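Below: the structure, in structure tokens.
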There are 2 protein chains.
Amino acid sequence: MELLEATRGLSALAQPSRLQVFRLLIQAGPEGLAAGDIARSLTLAPNTLTAQLHILVEAGLIHSERLGRNVIYRADPEAITQLVTYLVEDCCGGRPEVCAPLSAVLELSCS
Amino acid sequence: MELLEATRGLSALAQPSRLQVFRLLIQAGPEGLAAGDIARSLTLAPNTLTAQLHILVEAGLIHSERLGRNVIYRADPEAITQLVTYLVEDCCGGRPEVCAPLSAVLELSCS
DNA sequence: TCGATATTTCATGTATTATGGAATTATTGG
DNA sequence: CCAATAATTCCATAATACATGAAATATCGA
């Protein structure tokens, strides 16, 4: 992961609608969601949603697949893992106790 | 953590200079760094850096303390933990194996 | 107190980004 | 093939973010 790639990922998430979309897809898991379902779920105009989805795809945080007349979107867990890793890389400054809470909380989120 | 708070945090990190500043402070650990040291380290104009630091402070990701004629900045590990937690909350969609890699990688970053 | 260093504040021009309307492409069912 | 549904693209406008120059504030050492 390099600086501009990470910035693109963070920028993609740094907008309320897109953050909601991403979290929705993260929670939806491997099945993903159709664009229309997302639009209804978050009350977004279809064209606005398309633009936001495109930004998330460009950042590599989600992927799309056409299924019949729907387009299914899915979050990419690998991408978010890399992004978070880049964020807190070498976070301890030589003191493991400083970032221990971080790993602890993340274990919980997967229960 | 709520939507707009998370968005503010992500926006703060979604800019190359600020992301570099934040990572520098994360790696510096509890001692933190003086504004001038950061400016030199990243070759940023002092006033530009101040604006960026202010945004990171507003987002709650870093804190400042005056020490003599310097102002020391430090990253807040708690804040980034909460932000990341919000990002991947309920990330499994009922399938723990999906987000297992995430927690694994984060353990490593603390070694 | 005075000069030097460190940092911040203010004002401004420029560029990027978000949003919504209208038209377009893709797919299914009759 | 035609109508309906799903999603996207194009385009214009409005809002926001960024970097820079100049001035101001705070602290230290002589």
Side-chain angles (χ1 to χ4, degrees), chain A residues 3-25 28 31-75 83, chain B residues 3-25 28 31-75 83:
Chain A
L3 182 64
L4 292 183
E5 188 184 353
T7 305
R8 202 173 326 124
L10 290 164
S11 298
L13 295 170
Q15 202 273 343
S17 299
R18 287 198 299 268
L19 182 51
Q20 288 184 95
V21 169
F22 179 77
R23 279 167 39 90
L24 211 56
L25 291 176
E31 290 121 52
L33 291 171
D37 292 336
I38 300 172
R40 267 182 296 282
S41 201
L42 303 178
T43 335
L44 291 172
N47 55 352
T48 297
L49 176 64
T50 293
Q52 308 290 31
L53 287 169
H54 187 66
I55 290 171
L56 287 165
V57 168
E58 278 294 296
L61 292 167
I62 67 174
H63 299 108
S64 69
E65 178 195 0
R66 178 172 276 278
L67 226 82
R69 64 176 74 172
N70 294 320
V71 176
I72 307 296
Y73 284 88
R74 298 184 182 85
L83 186 56
Chain B
L3 182 65
L4 293 183
E5 189 184 353
T7 305
R8 201 172 326 125
L10 290 164
S11 298
L13 296 169
Q15 202 272 342
S17 300
R18 286 197 299 268
L19 183 51
Q20 287 184 95
V21 169
F22 180 77
R23 278 167 41 89
L24 211 55
L25 291 176
E31 290 120 53
L33 291 171
D37 291 336
I38 301 172
R40 267 183 297 281
S41 201
L42 303 178
T43 334
L44 291 172
N47 55 354
T48 297
L49 176 63
T50 293
Q52 308 292 30
L53 287 169
H54 188 67
I55 291 172
L56 288 165
V57 168
E58 278 293 296
L61 292 167
I62 67 175
H63 299 109
S64 68
E65 177 195 2
R66 179 173 275 277
L67 226 83
R69 63 176 74 173
N70 295 320
V71 176
I72 307 296
Y73 284 87
R74 298 184 181 86
L83 186 56

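Within every chain, numbering begins at 1; the chains are lettered A, B, ... in the order of the sequence lines, protein sequences first and strands thereafter. Values in this document were obtained by computation on a predicted structure and should not be read as measured data.
Residue B:A39 is out of contact with every strand shown, counting any heavy-atom pair closer than 4.0 Å. The residue B:R18 sits close only to the backbone: its heavy atoms come under 4.0 Å of sugar-phosphate atoms, none of a base. The residue A:A45 sits apart from the nucleic acid: no heavy atom pair falls under 4.0 Å.
Remark: A:R69 engages no residue in a side-chain hydrogen bond (donor to acceptor under 3.5 Å, both in side chains) (not counting sequence neighbours).
Checking D:dT8, D:dT20, D:dC18 against every side-chain atom of B:N47, the shortest atom distance belongs to D:dT20. For A:Q15, the side-chain atoms get nearest to C:dA18 when compared with the rest of C:dA22, C:dA18, D:dC18. Distances were taken from every side-chain heavy atom of B:P46 (C-beta onward) to each of C:dA18, C:dT8, D:dA7; the shortest belongs to C:dT8. When the nucleotides C:dT28, C:dA18, C:dT8 are ranked by their closest atom to the side chain of A:R69, C:dT28 comes out on top. For B:T50, whose side chain is taken as the heavy atoms from C-beta onward, the closest listed nucleotide among C:dT9, C:dA18, D:dT8 is C:dT9. Nearest to the side-chain atoms of B:L53 among the listed nucleotides D:dC18, C:dT8, D:dA7 stands C:dT8. Closest to the side chain of B:I55, from the set D:dC18, D:dA19, C:dT7, is D:dC18.
Atom CG of B:L49 is separated from atom OH of B:Y73 by 7.5 Å, given to the nearest 0.5 angstrom. Once rounded to the nearest 0.5 Å, the distance linking NE2 of B:H54 with OG1 of B:T50 reads 10.5 Å. The CG atom of B:L33 sits 10.5 Å away from atom CZ of B:R40, with the distance rounded to the nearest 0.5 Å.
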Derivation of the salt bridge (Lys or Arg N to Asp or Glu O under 4.0 Å) call for B:E31 and B:R74: CA-CA 7 Å; B:E31 290 120 53; B:R74 298 184 181 86; over 6 Å; no
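Nucleotide D:dT27 holds its P atom 13 Å from the CD atom of B:E65, rounded to whole Å. Atom CG of B:L67 is separated from atom P of C:dT8 by 13 Å (rounded to the nearest Å). Going from atom CG of A:L13 over to atom P of C:dT17 covers 15 Å, rounded to whole Å. Between B:L49 atom CG and C:dT5 atom P there is a gap of 19 Å when expressed in whole angstrom units. When the P atom of D:dT8 is taken as reference, atom CZ of A:R66 falls 8 Å away, rounded to whole Å. Distance CG (B:L44) to P (D:dC18): 12 Å, rounded to an integer number of Å. To the nearest angstrom, P of D:dA4 lies 19 Å from CG of A:N70. Distance CG (A:L56) to C1' (D:dA7): 16 Å, rounded to an integer number of Å.
Among B:T43, B:T48, B:L44, the single residue meeting the side chain to side chain contact (heavy atoms under 4.5 Å, CB included) criterion with B:S17 is B:L44.
A side-chain donor-acceptor contact under 3.5 Å links B:R18 to the backbone of B:S11.
Taking 4.0 angstrom as the limit, B:Q52 places a side-chain polar atom (N or O) nearer than this to OP1 or OP2 of D:dA19. Look at B:Y73 and you'll find a side-chain N or O under 4.0 angstrom from OP1 or OP2 of C:dT8. Note on A:T48: a side-chain N or O is less than 4.0 Å away from OP1 or OP2 of C:dG20.
When side chains are defined from C-beta on, A:L3 counts as touching B:Q20, because their heavy atoms get closer than 4.5 Å.
Relative to the axis of its first five pairs, the axis of the last five pairs of the helix from C:dT1-D:dA30 to C:dG30-D:dC1 sits at 30°, rounded to 10 degrees.
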